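For reference, the structure discussed in these notes is given below.
Please read all numbers here as calculations on a predicted model, not as lab measurements. In the text below, chain A, chain B and the rest are named by the order of the sequence lines, each starting its count at 1.
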Amino acid sequence: MELKLITAIIKPFKIDDVKAGLKAVGVDGLTVTEVHGFGRQRGHTEVYRGAEYEIDFVPKLKLEIITNANQVDEIVNALVASAATGSIGDGKIWVSPLETVVRVRTDERGSDAI
Amino acid sequence: MELKLITAIIKPFKIDDVKAGLKAVGVDGLTVTEVHGFGRQRGHTEVYRGAEYEIDFVPKLKLEIITNANQVDEIVNALVASAATGSIGDGKIWVSPLETVVRVRTDERGSDAI
Amino acid sequence: MELKLITAIIKPFKIDDVKAGLKAVGVDGLTVTEVHGFGRQRGHTEVYRGAEYEIDFVPKLKLEIITNANQVDEIVNALVASAATGSIGDGKIWVSPLETVVRVRTDERGSDAI
Amino acid sequence: MNTTDTLWVILSAALVLFMTPGLALFYGGMVRSKNVLAIMMNSLAAMAVVTVIWVAIAGSLSFGDDLGGGLLGNLSLAGLAHIPSSLPGLSGVHASSLSVLLYQMMFAIITAALISGGTTDRIKFSSFVILIAVWTVAVYAPLAHWVFSPTGWLAHRGVLDFAGGTVVEINSGFSTLAVVLVLGPRKGWPRDSMTPHSVPLSLLGLGILWFGWLGFNGGSSLAMNGVAVSAVLNTQLAAAAGLIGWLIYERTTEHYATTLGAASGGVAGMVAITPCAGFVQPYAALIIGLIAGLACAKAVRMKFKLGIDDSLDVLGVHGVGGVIGMVLLGLFATKSINPAGADGLLQGGGFALLGNELLAIVVTASFAFGVTWLIAQAISKTIGLRVSEEDELKGLDLTQHAESAYSGGGSGRFSS
Amino acid sequence: MNTTDTLWVILSAALVLFMTPGLALFYGGMVRSKNVLAIMMNSLAAMAVVTVIWVAIAGSLSFGDDLGGGLLGNLSLAGLAHIPSSLPGLSGVHASSLSVLLYQMMFAIITAALISGGTTDRIKFSSFVILIAVWTVAVYAPLAHWVFSPTGWLAHRGVLDFAGGTVVEINSGFSTLAVVLVLGPRKGWPRDSMTPHSVPLSLLGLGILWFGWLGFNGGSSLAMNGVAVSAVLNTQLAAAAGLIGWLIYERTTEHYATTLGAASGGVAGMVAITPCAGFVQPYAALIIGLIAGLACAKAVRMKFKLGIDDSLDVLGVHGVGGVIGMVLLGLFATKSINPAGADGLLQGGGFALLGNELLAIVVTASFAFGVTWLIAQAISKTIGLRVSEEDELKGLDLTQHAESAYSGGGSGRFSS
Amino acid sequence: MNTTDTLWVILSAALVLFMTPGLALFYGGMVRSKNVLAIMMNSLAAMAVVTVIWVAIAGSLSFGDDLGGGLLGNLSLAGLAHIPSSLPGLSGVHASSLSVLLYQMMFAIITAALISGGTTDRIKFSSFVILIAVWTVAVYAPLAHWVFSPTGWLAHRGVLDFAGGTVVEINSGFSTLAVVLVLGPRKGWPRDSMTPHSVPLSLLGLGILWFGWLGFNGGSSLAMNGVAVSAVLNTQLAAAAGLIGWLIYERTTEHYATTLGAASGGVAGMVAITPCAGFVQPYAALIIGLIAGLACAKAVRMKFKLGIDDSLDVLGVHGVGGVIGMVLLGLFATKSINPAGADGLLQGGGFALLGNELLAIVVTASFAFGVTWLIAQAISKTIGLRVSEEDELKGLDLTQHAESAYSGGGSGRFSS
Ligand SMILES: Nc1ncnc2c1ncn2[C@@H]1O[C@H](COP(=O)(O)OP(=O)(O)O)[C@@H](O)[C@H]1O
Ligand SMILES: Nc1ncnc2c1ncn2[C@@H]1O[C@H](COP(=O)(O)OP(=O)(O)O)[C@@H](O)[C@H]1O
Ligand SMILES: Nc1ncnc2c1ncn2[C@@H]1O[C@H](COP(=O)(O)OP(=O)(O)O)[C@@H](O)[C@H]1O
């Protein structure tokens, strides 16, 4: 069975909703990274003793999910449904091909490792 | 020569063992990210003035290694051997295809850039 | 239109230059992660009450940029041009294939989602 | 003027002043990192605004000549320009009058700052400033006059309150409750996780509070004498017992003992001993602290059932702890420690004192709640009390103060 | 020896000592995380090195018998081995002479530590140590003699300076300016983002500074009396008003009110009241603080135009604030608060005092700037004042001290 | 009762109390972030548990009427209910007896808290509580009686120890050694990296310790007099010299000067001056501090060779520093500073004092080590002293206290 990596950038405060949305479609493993995004969404201004700084990097979370190819659509849809707020900066999802997956504990490979 | 990206999620306290294991098979470059994982491994409970929080995200390290395709197996095996503790939550490894690698300093491309 | 993911490891203090370099070639979205790199660049020594620690992990930033395939070369060149200092540890760039990209807010797919 | 007494009062004033930054840290550690500066700023604002208002008017309303019926002082002390050698009713005090007014100013500051523990994460900065400015005049000053000035009607009736079980503790608890009810709970509360962003900061705050509280209670003798020594000792004992009480509650009901619980228990013990410090014996201080630790641990767990987002438990710790202290003072007060005091029920003094203490509790809680509720409503209906939903989500540090508490550096974000 | 006075002086000495770690935190929070240890280490170095130099020689140069013309003390007190029961010119002081010398030592320490606010992020540790060692003897001690010893020429002329508007504030401001001009700006300044890595750390520092400053100013009466009480009260008032002034500046010109601004305004107010604390009435303290808050807020925004990287605004806050305090003292001083003082212009005293204060400002600023510039040049030309570009980029914590302020743990980097 | 003396003792008590949260921070910064709350909690526990035990019994065992032979006090003071106007043997003390007992309580607290510096990262919380409870009665109280009560056998022999070189410093050092030997090293020590998670927290702790130590040593005169002033001054001098000594060691042997080294040197200097503070001249304080800084810097580097994981160097700093202080007191003590003292070897007093000091060192070290070892063994064999390997790996904050020191927020982990 082919394997895919789904990467999603989301707004941090949506993490609980997204977790729930993913659980509903059978995802029970993922890896989260705190990242900063730059895009259409405006950042903010900070001021320290009169020195103004434009901060255009916005805190985001990156989710990585490895999955069987046949589940990709369902998961992407669940991500979109649970992460969207409708306002700019909701984030991106991208899907990449994988060649192998291994479970470290057991050395299982492929779909069994997920 | 084809190039691959190996990504490994491991338990943080195994980093020294893994580094040693990788060195032994000739890996002398990698990139590490502090991440949080969610999976079979149970998290823990925290309590603040009686409010209980179930924390299911577990701290993990993510390692990214770019390498020639012919070394992938050896590296994956070294990762499994050095990162496994046998208990749940030891992590995952996945391998993805790459199209180019560039060394920023010299603009070298491909295998030379590793 | 084919889509690609460009990943770049750079020295943290170059982020402003790189952002400017990327803007010049039309990149207006990216995601940044704080990472630690291990490679040829030497780390440093820390000492606490006589206990010496060799720290070989060096702070780096990881940039991820999703883009149309036809822009990859231009972006990679801009990255090399803006991130290079000429000294060891300037970092790596790698390019991977993507299968889909989705904008969470609108559910747009493919090039439109970038 | 007795110089030793004055020195003691000045030193105590400095210690109480130091408690407010301590409180800012204690509270700051407990909130999420996006709101830490905003809550610390509330304490800073109290240090500035209440100081000015106290000098201008509130100090005089509290300790000026009584206007009649023990209800309020007049403006004889306004501006602190002409200070009599002894304040009305305090002719037995030999510390300089100015030092006493300075010391009392610090009480007004920290009481105002305490309110921020309930309103954190959602109150507009400008509204908080207006709130505490009005409140210092309309709520704090009358209460201080009633209880701390011997010419006040509660003091005159024989209510005992050594260092502010009513004026500081019950007052802050019920005033905060009023503001919180007008303000509403934080978005996402109690569903979302709102864990303390830095417990060590809170523990540091506790350390400063504990240190300062020795002067907060000790100084209330307004003289360096045996009563002052007892007050300091009792504060230490009640803090220790309160800490133990809270941990006992946690261990027996929930099987763990937390550091935030320990810190909270220490505070609860010191809150409860505040009215009692110069009136009770050491063994009583231990009992009072222990009961306060147990009871406040229970109390803070009830807000979830009541659905009241008193975020950092001002009511649960200061309100409840203050009530406990006042009630137990009615039981344990003894003239053997302080001849100027009274004997409580268990010391053969009958119900007289207990009755007075209960009256003071009811009066303080009602007055503080009622008037503060009116002030909060007035602000809410006019300029608004609360930030927008979007600002609340982004955090008050950024949206109210254009700052981030912690930053990595380069490009404003990444360490370089 | 009067024990109460001695106790007050000792307590004040302890409070001033505590201000230096407070300053280390105030400053430490404002720099990037790669330089926080280095700047804190500068304060630690001042606590160690200035202590030794003070005992060995500088204390005596300041308070020993005048060598003639009020220019410098002799070495009669060197080593603090033989201390007369009262110091030259201070026969009216009944606190122990040793306690006074101890108290004054703490002033020398914090004044030296203040310089690090300008030189941070680029000064070599060893050079900073040498700088403050020489400076304590060549700059601080003469100024302290001129102003703080009644036998000094400025004091003798009638210059009033209660707790160091010249010796501490103007001195540190202009000394720092001199070093900064020799040192040059930080690499990347002002283009690169250099945001504070931990504002809560700075706010904690402010809390400690505020607490300590009550003793810094209060203790300068060298006796527990009405002047001491006034000095403490005025310090509190000026801090409050300074905080408000700075925030008013921010809100009216830039539409926000920051916590770092609040903290800075509190400091500005206390700086300005330092020379005035025991000489003015409460209303004047409020005015002085308010003006200082407004003016220093403006002043710190001018360094960008001048292109001078006085990184944490020692000149803008301490230099400017000190000048404001000295000038306003010439207006507001009144013998009604301190019979040993004088009446200022607005108190019917004419221009005499104001003239003296202006003279003291000019003398202090010129002397501090000039001599410090020579010292900094000498160091710069010999062992060098500044770290290498590469070390500056990596950060001083790693390159000067082989340490990281914050670390995760495992493999020296990741929490495990 | 002399009010000035009492005020000095009370103030000193407050300063010593403040040292324990300071210690919690000093230690907390040095451990990994997964164990910071646990070690701070050890200090909080000492503040609570030792307070109660001191009032109940240990204070009386220390300062009650001697049971015979100077070995232990009786229970006359138990509960602090009936306090004589002067404590046995202390009729020359005019501070209130209760204030003295309060002050001494703070010593017992911090001595117990010091032990956590050795046992951190692996000791069970409940076992630590039991350990210090028993230890306060069985180890601390007897030692305090022997040395601090004039009726104790060591004091009676003429042993000098101004503020606890034996009772606090050597005692904590060797008691910790005993517990550490029973406990064993941390998993992974010394191979794994265990870098301090927040050096600024430790530097803040040092600042508080330094501030408090002025009262720790100064207050031990139990009166505001020239000896108190000398004690405060000497503490400052030794801290400064200790800091310099440690840095000299680092620079000459390892080519760097660290901030943690500076902080440790300051502590080492203050440890060593503790027994000497009120007995020696300023120049001697500088020498004592310098030697302590050098020697303790060397000492902490030896644990790696000995394979003893005294994690934060309680033996290396407090044990070694205390021994150095006691020995040098035998050389430098002089009646010119304190007529109630004695002359040391270099002051023409012969070997008498030095002999006494050496005896006190040996007795204290042996007694503390021996009895503490028995207590630790008893706990280890019954309820266990150490957490499980898994819990140690996860960290004590989570597994002992169900808390994380630092958290981002949302989902309990990520800032939102
Ligand atoms: N080209 C890109 N490559 C990588 N990440 C991107 C790219 N564009 C946007 N992102 C990520 O997606 C986030 C949201 O993008 P943004 O343009 O702000 O809004 P939207 O998702 O509504 O289009 C960004 O903060 C960034 O993390
Ligand atoms: N489907 C997945 N996609 C991405 N990462 C995963 C996935 N499943 C698990 N992980 C990562 O691997 C870690 C370990 O997984 P877990 O299920 O806990 O145990 P095990 O590795 O023993 O199967 C997780 O914490 C998470 O970081
Ligand atoms: N094989 C690799 N796989 C992944 N990342 C690598 C690899 N080699 C180097 N890196 C990353 O690139 C950074 C720079 O590499 P380094 O070898 O130090 O210098 P250079 O870029 O000059 O070759 C490293 O810190 C690491 O983050």
(message) Quick check for you: to the nearest 0.5 Å, what is the distance between F:L44 atom CG and D:L206 atom CG?
(response) 6.0 Å
(request) Report the option among D:A228, D:A263, D:G207 that has the most heavy-atom pairs separated by less than 4.5 Å from atoms of chain F. (result) D:G207
(request) Specify the closest pair of heavy atoms between F:G79 and D:P282, including all atoms of both residues, with the distance to one decimal. (result) O-CB, 4.0 Å
(request) Supply the atom-to-atom distance F:I10 CD1 to D:W8 CH2, rounded to the nearest 0.5 angstrom. (result) 5.5 Å
(request) Name the region of D:L214, side chain, backbone, both or neither, that has any atom closer than 4.5 Å to a heavy atom of chain F. (result) side chain
(message) I need the F:L101 CG to D:L233 CG distance, nearest 0.5 Å.
(response) 9.0 Å
(request) Please look at D:L15 and chain F and tell me whether the side chain, the backbone, both or neither of the residue comes under 4.5 angstrom of a heavy atom of that chain. (result) neither
(request) Answer whether the closest heavy-atom distance between the side chains of D:Q236 and F:I109 falls below 4.5 Å. (result) yes
(request) Check each atom of D:P200 against the heavy atoms of chain F and say whether the ones under 4.5 Å are side chain, backbone, both or neither. (result) both
(message) Given heavy-atom pairs under 4.5 angstrom as the criterion, report whether the side chain, backbone, both or neither of F:L98 touches chain D.
(response) both
(request) Starting from the C-alpha separation in whole Å, work towards a yes-or-no answer on side chain to side chain contact (heavy atoms under 4.5 Å, CB included) for D:R251 and F:S126. (result) CA-CA 11 Å; D:R251 274 297 263 255; F:S126 51; 4.0 Å; yes
(request) Identify the heavy atoms of F:Y406 and D:S198 that sit nearest to each other, and give their distance. (result) CE2-OG, 3.6 Å
(message) Would you compute the distance between atom CG of D:L11 and atom CG of F:L7 and round it to the nearest 0.5 angstrom?
(response) 6.5 Å
(message) To check you understand the geometry: which heavy-atom pair defines the closest contact between F:S404 and D:V199, and what is its length?
(response) O-CG2, 3.6 Å
(request) Determine yes or no for a side-chain-to-main-chain donor-acceptor pair under 3.5 angstrom, with F:E403 supplying the side chain and D:L260 the backbone. (result) yes
(message) Is D:L243 close to chain F through its backbone or its side chain, or both, or neither, when contacts mean heavy atoms under 4.5 Å?
(response) side chain
(request) Pick whichever of D:N2, D:L204, D:L286 has the most heavy-atom pairs under 4.5 Å with chain F. (result) D:L204
(message) Heavy-atom cut-off 4.5 Å, strictly under: side chain, backbone, both or neither for F:S99 against chain D?
(response) both
(message) Counting only non-hydrogen atoms closer than 4.5 Å, does D:A257 touch chain F with its backbone (N, CA, C, O), its side chain (CB onward), both, or neither?
(response) both
(request) Would you mind checking which part of F:M47 comes under 4.5 Å of any heavy atom in chain D, side chain (CB onward), backbone (N, CA, C, O), both or neither? (result) both
(message) Rounded at 0.5 Å granularity, tell me how far OG1 in D:T259 sits from CD1 in F:I39.
(response) 13.0 Å
(request) Can you measure from CE (D:M224) to OG1 (F:T4) and round to the nearest 0.5 angstrom? (result) 9.5 Å
(request) For the residue pair F:F18 and D:F18, categorise the inter-ring angle as parallel (less than 30°), tilted (30 to 60°) or perpendicular (more than 60°). (result) perpendicular
